[in-house]
**Q** 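Once you've had a glance at the structure underneath, I'll fire off some questions.
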Number of protein chains: 2
Amino acid sequence: MTVTIKDVAKEADVAPSTVSRVISDSPRISERTKEKVREAMARLGYHPNFNARSLANQSTKTIGVIMPNSANKTFQNPFFPEVIRGISTKAHQLEYGLYLSTGQSDDEIYEEVQHMVQGKRVDGIILLYSKVDDRVMKYLHEQDFPFTVIGRPYDDSLSNVTFVNNDNLKAAKTVTEYLLLLGHKRIAFIGGNLEHVVTIDHMEGYHQALKNAGIDPCDDYIVFHDELQEGGQEAVIDLMSLAERPSALIVADDIMTFGVMRMLSEMEVHVPDDISIISFNNVMISELSAPPMTTVDINIYSLGYEAANLLIDKILHPDVPAKKVLIPHKMIKRQTCRRVAAERTLKEETL
Amino acid sequence: MTVTIKDVAKEADVAPSTVSRVISDSPRISERTKEKVREAMARLGYHPNFNARSLANQSTKTIGVIMPNSANKTFQNPFFPEVIRGISTKAHQLEYGLYLSTGQSDDEIYEEVQHMVQGKRVDGIILLYSKVDDRVMKYLHEQDFPFTVIGRPYDDSLSNVTFVNNDNLKAAKTVTEYLLLLGHKRIAFIGGNLEHVVTIDHMEGYHQALKNAGIDPCDDYIVFHDELQEGGQEAVIDLMSLAERPSALIVADDIMTFGVMRMLSEMEVHVPDDISIISFNNVMISELSAPPMTTVDINIYSLGYEAANLLIDKILHPDVPAKKVLIPHKMIKRQTCRRVAAERTLKEETL
DNA sequence: TATTCATTTTAAACCGTTTTCATCTTTTTT
DNA sequence: AAAAAAGATGAAAACGGTTTAAAATGAATA
């Protein structure tokens, strides 16, 4: 039925092992035989069976990509296509394939990862998220299975884990400082899921900047939500109901910012005149908000590209120590931040 | 090293074939032996090797998902995560895995599909796009390999192809009629890539509606662009430079609409007061534009879910004839469409 | 011419399952 | 009690490759 290596061998009048060596272009085979075998392969339309190869090789040339728990809408964030595009590019270059997780809940995902690893379905795994106390990461670490994380592992005991990250703390700090410099004193922080390490880092940066400026962080100004737009909207309601409304908002994610801006516009609060906003990620559409949003470009594509790069490196050389790569970020100033008028600042201070 | 079926066999003091039968829960094995074997598996921490299984079974329990040519930014469209979420859900239910294409150009993708098929890496394939004269589709059809298309095949010779689609013609027609009903006469159409069948269907629907209303389609009002936001923006410049500006815009895609609205806002053309807009897809963020956009919900998730469903059906029963599923669409009225003032309409007519 | 050594090629084992077919027990039927 | 049928298990051959170790070939050296 299907043409196998044996058929080719017969056709070319050599042994199957020779054909195998021709496929892998082994130097042990003479040019003349190679040519002969290649012709036979072409004549028969031979194509190697991937599973047989994987079985014999103990290698699948496949990378498992683990999405976060997508029960909520997280998944519709354009962040994911973009990070996958980065992974794809590198994977394709090195002739690796991508195997995507399909689980929706934490349990499903955990089970799926076990299957991938134990069933030897993939050579390595990229975690597209980093949570506090993540079973999946713990499991991979215990199994000593090649994997990389996008984001940093929270638990310091997982010290020898390879990861790609942004300096999220620094980014959040800079962003806060920027708002302070623009004269803002009441800066609120709308974070993502508190279980995600990136949220923790953002908040720490925010805190540090406020502290350095001698401002006491006010709990009312700190809100967390994991759903993207809905979360953004609720957060706005909470913040705008405060006696002392914030004059600036730091938002965890561009998509969330769309929700935030939508809600503000319904409340007839104008951006940036009444309130400044700055957020993170710089996904494609963030320049298309009205007004275009100021945000931190975290270079999503590179996160993916480097993660794949590091992972394949790890697969090929399992014993080299863990690498940690920081992808640079960059503030993209657009039109959602504004200097607070001096008089207003003065008035505030008298309050 | 790794624990195989043979190790389990030894541990349980049975033959490997018995263990295999226990795994598949064959009725030919007595409950007593099953229990014994299961205990041995647990004791040894046995997990079946996927590649070996695939090889013996001639089945991978894996679906190949082919993304469109992503050299351009198409890929960042939240359409894809959402359609994949649909596919994922069904696949997970039926215990199929997802294997993602990584190629960026048409050539790369074509080659990759060949690898998947000939290398028996996947049991079936879902095409996430449908183009005119697509080599990939032609190839899969020739090979008689199980596949489904999201969108409809253009070529009628590919009659026995299973696909999931929206009635895009009808949707575009309805949308156009809706604008006509609102009093619009100068309705422009900003389509996507003309090679995509969906674009052709949209345009046909647009044409039909205009014709029924006795309006001659004006070529200047019809523009195509494949890049998403950039395309949207250029299209706007072109249209707004016309002597007779359109009073309404039909846009192929929500993300493109963001670009369109951004550009209009720069030109100080107000939506919907100066111009009405309606678009397609209803991705998550489309309700977050300013103002929230009127769009056609095409039920992206269901497209994916049904595609996976049909495909797995096809894999399991290769000989049943091709199925074609239409997913219903629904116009979501938000705030980008407006009735044209009677006086203005009158004035126009005197022109 | 016989010996050595490098170069090519091959036979056979292996990767870890599934499955066909045969064998060995039991149980049922006559 | 013998024969037939049913039930449970096992041995061995796939599945389609890779790889180790050995054999064949040919060239170079003594």
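Just so we're on the same page: letters track the sequence lines, and every chain starts at 1.
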**Q** What is the separation between atom CD1 on A/Ile29 and atom P on D/dT18, rounded to the nearest whole Å?
**A** 12 Å

**Q** Decide, yes or no, whether a salt bridge links A/Lys138 with A/Asp133 under the criterion of side-chain N to carboxylate O below 4.0 Å.
**A**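 Judged by the 4.0 Å cut-off on N to carboxylate O distance, A/Lys138 and A/Asp133 do not form a salt bridge.
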
**Q** By nearest atom, which of the nucleotides D/dT20, D/dG17, C/dG16 is closest to the A/Arg28 side chain?
**A**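 Minimum distance to the A/Arg28 side chain belongs to D/dT20.
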
**Q** Taking the side chain as every heavy atom from C-beta outward, state whether A/Val3 and A/Glu11 have any atom pair closer than 4.5 Å.
**A**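 Side chain of A/Val3 against side chain of A/Glu11, heavy atoms only: no contact under 4.5 Å found.
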
**Q** Given atom CG of A/Asn49 and atom P of D/dG16, what is their separation to the nearest angstrom?
**A**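 Value for this atom pair: 6 Å.
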
**Q** When you measure from the side-chain N and O atoms of A/Ser54 to the phosphate of D/dG17, is any distance below 4.0 Å, counting only OP1 and OP2?
**A** no

**Q** Across the strands shown, which category fits B/Thr33 at heavy-atom distances under 4.0 angstrom: base, sugar-phosphate, nothing?
**A** sugar-phosphate

**Q** Rounded to whole angstroms, how far apart are CD1 on B/Ile5 and P on D/dG10?
**A**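 My rounded result for the distance is 13 Å.
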
**Q** Rounding to an integer number of Å, can you tell me how far A/Glu35 CD sits from C/dT8 P?
**A**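 These atoms are roughly 16 Å apart.
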
**Q** How do A/Ala52 and B/Lys36 order along DNA chain D: which one's closest nucleotide is nearer the 5' end?
**A** B/Lys36

**Q** If each of B/Asn57 and B/Pro16 is mapped to the nucleotide of DNA chain D with the nearest heavy atom, which maps nearer the 5' terminus, i.e. the 5' end?
**A** B/Pro16

**Q** Report which part of the nucleic acid A/Phe50 touches: base, sugar-phosphate, or nothing (heavy-atom distance under 4.0 Å, all strands).
**A** nothing

**Q** Under 4.0 angstrom, heavy atoms only, what part of the nucleic acid is A/Val14 near: base, sugar-phosphate, or nothing?
**A** sugar-phosphate

**Q** Distance check: side-chain N/O of A/Thr18 vs OP1/OP2 of C/dT9, anything under 4.0 Å?
**A** no

**Q** So, OP1 or OP2 of C/dG16: does either fall under 4.0 Å of a side-chain N or O from A/Gln58?
**A**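 For C/dG16, OP1/OP2 do have a side-chain N/O of A/Gln58 under 4.0 Å.
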
**Q** At less than 4.0 Å, is any side-chain N or O atom of A/Ser17 found next to OP1 or OP2 of C/dA12? Yes or no.
**A** no

**Q** Tell me: CG of A/Leu55 to P of D/dG16, nearest whole Å?
**A**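 Checked: the CG to P distance equals 12 Å.
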
**Q** Hey, is the side chain of B/Arg21 pairing donor to acceptor with the base of C/dT20 inside 3.5 Å?
**A** yes

**Q** Does C/dT7 have OP1 or OP2 sitting under 4.0 Å from an N or O in the side chain of A/Ser30?
**A**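 False: A/Ser30 side-chain N/O out of range (4.0 Å or more) of C/dT7 OP1/OP2.
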
**Q** Mind checking B/Ser20 for me? I need base, sugar-phosphate or nothing, with any heavy atom below 4.0 Å counting as a touch.
**A**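 The answer is base, as B/Ser20 lies within the cut-off (heavy atoms under 4.0 Å) of a base atom.
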
**Q** Using whole Å, report how far CE of B/Met41 lies from P of C/dG16.
**A** 17 Å

**Q** Any salt bridge linking B/Lys36 with B/Asp13? Criterion: basic side-chain nitrogen under 4.0 Å from a carboxylate oxygen.
**A** no

**Q** From NZ of B/Lys6 over to P of C/dC15, roughly how many Å is that when rounded to an integer?
**A** 7 Å

**Q** Would you say the side-chain atoms of A/Tyr301 and A/Arg85 include a donor-acceptor pair closer than 3.5 Å?
**A** no

**Q** Any donor-acceptor pair under 3.5 Å linking the side-chain atoms of B/Ser105 with those of B/Asp107?
**A**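 No, B/Ser105 and B/Asp107 have no side-chain donor paired with an acceptor closer than 3.5 Å.
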
**Q** Any salt bridge between A/Lys323 and A/Asp313, counting N to O under 4.0 Å?
**A**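 Counted as a salt bridge, because a side-chain N and a carboxylate O are separated by less than 4.0 Å.
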
**Q** Under 4.0 Å between any heavy atoms, over every strand shown, what does A/Arg53 touch: base, sugar-phosphate, or nothing? Just pick one.
**A**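 The answer is sugar-phosphate, as A/Arg53 gets under 4.0 Å only of primed atoms, P, OP1 or OP2.
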
**Q** Grab the CZ-C1' distance between B/Arg121 and D/dG17 for me, whole Å please.
**A**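 Whole-Å distance recorded here is 15 Å.
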
